[in-house]
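A quick write-up on the structure given underneath.
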Amino acid sequence: MALDELKSAIPDFAKDLKLNLGSVIGNSDLPKQQLWGTVLACAIASRSPKVLRELEPEAKANLSAEAYTAAKSAAAVMAMNNVFYRTRHLLSDPEYGTLRAGLRMNVIGNPGVEKVDFELWSLAVSAINGCGQCLDSHEQVLRKAGVDRETIQEAVKVASVIQAVGVTLDAEAVLAE
């Protein structure tokens, strides 16, 4: 199992990450598609080659072809949206918020999977990318759809642990050179 390989690569000083990785993936209350879509989208968003290489095969095995593609689409579109909307939010001139975005994001309206799943994956990627405006937007859509706070927090926990594992393993790879 690739998850075990990834856990074994985590150094002893980051034992908490090893335990948390096993917990947030192995003991998650999220339905399989929500979990593995979140894992794949977050592995992509982490920008860590090792994390993506280790988690992608298991994600692919646990997702339909449509969900696999949609999770990758969530990571892709949020990579763009998180930069754009975070920048508009951070600029002190509020006029930027009134300008038309003019960016295509059709996949959000028609992701090929349940809208709730795509929104959850988008929220998790937004957590990694640090876009408060996108986090608020996706959280509101999820809450209106009846998703509870515990489910949303579960996705954010997956995102935080995958990001931390990626940062740690990539730093260790650089230091080993």
Side-chain angles (χ1 to χ4, degrees), residues 1-7 17 20-86 104-167 169:
M1 173 189 253
L3 181 58
D4 290 334
E5 304 250 344
L6 191 58
K7 285 171 32 183
L17 298 181
N20 287 332
L21 185 63
S23 176
V24 299
I25 295 177
N27 300 323
S28 177
D29 290 331
L30 293 174
K32 185 168 76 167
Q33 179 166 295
Q34 286 184 354
L35 172 64
W36 285 102
T38 301
V39 168
L40 179 59
C42 290
I44 293 167
S46 79
R47 297 177 183 90
S48 171
K50 179 151 184 75
V51 167
L52 183 57
R53 266 194 302 275
E54 295 298 331
L55 293 177
E56 183 275 341
E58 197 162 349
K60 192 171 193 174
N62 281 286
L63 294 169
S64 67
E66 295 81 12
Y68 177 82
T69 299
K72 292 193 320 181
S73 296
V77 76
M78 295 319 296
M80 174 186 69
N81 284 358
N82 292 156
V83 170
F84 182 80
Y85 288 105
R86 182 179 63 235
R104 292 193 180 272
M105 39 190 111
N106 296 331
V107 71
I108 294 173
N110 188 17
V113 294
E114 292 292 322
K115 180 92 167 130
V116 164
D117 293 353
F118 192 83
E119 289 288 333
L120 192 67
W121 304 337
S122 297
L123 178 127
V125 170
S126 296
I128 289 173
N129 292 333
C131 181
Q133 190 171 355
C134 292
L135 282 165
D136 281 342
S137 175
H138 294 291
E139 189 266 349
Q140 288 170 13
V141 170
L142 288 163
R143 297 290 292 142
K144 283 181 187 168
V147 176
D148 58 38
R149 286 179 180 86
E150 291 78 12
T151 297
I152 293 167
Q153 181 170 290
E154 191 74 21
V156 173
K157 285 170 36 179
V158 170
S160 66
V161 171
I162 287 175
Q163 174 67 6
V165 169
V167 167
L169 294 179

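All residue numbers in this chain count up from 1 along the given sequence. Everything numeric in this text was worked out from a predicted model, so none of it was measured.
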So how far is it from [X] [atom1] to [Y] [atom2], rounded to the nearest 0.5 Å?
X	Y	atom1	atom2	result
N81	C131	CG	SG	8.0 Å
L21	I25	CG	CD1	4.5 Å
I152	L123	CD1	CG	6.5 Å
L169	S48	CG	OG	6.0 Å
L6	E58	CG	CD	10.5 Å

In short, T38 meets A124 closest at the heavy-atom pair CG2-CB, 3.8 Å
Minimal heavy-atom distance between V125 and A45, with the atoms involved, is CG1-CB, 3.9 Å
Heavy-atom side-chain proximity of [X] to [Y] below 4.5 angstrom:
X	Y	result
L40	L52	yes
V113	W121	yes
L30	L120	yes
K7	L17	no
N20	V165	no

Here the salt bridge (charged side-chain N to carboxylate O under 4.0 Å, His left out) pairs for residues 32-52, sequence neighbours left out, are K50-E54
Q. Side chains of S126 and N129: donor-acceptor distance under 3.5 Å anywhere?
A. no
Q) So, the side chain of K60 versus the backbone of L55: is there a donor-acceptor pair under 3.5 Å, distance only? A) no
F84 meets the side-chain contact (heavy atoms from CB on, under 4.5 Å) criterion, sequence neighbours left out, with R88, A101, L103
Scan the side chains in residues 71-80 for donor-acceptor partners under 3.5 Å anywhere in the protein, sequence neighbours excluded, and list what turns up.
{"residue": "S73", "atom": "OG", "partner": "T69", "partner atom": "O", "Å": "3.0"}

For residues 132-146, please give each side-chain donor-acceptor pair under 3.5 Å, one per line with the distance, not counting sequence neighbours.
{"residue": "H138", "atom": "ND1", "partner": "E119", "partner atom": "OE1", "Å": "2.5"}
{"residue": "R143", "atom": "NH1", "partner": "V147", "partner atom": "O", "Å": "2.9"}

The side-chain hydrogen bond (donor to acceptor under 3.5 Å, both in side chains) partners of D117 (sequence neighbours excluded) come to Q33, Q34
Residues at least two apart in sequence or cross-chain that pass salt bridge (charged side-chain N to carboxylate O under 4.0 Å, His left out) with E154, listed by chain then number, are K157
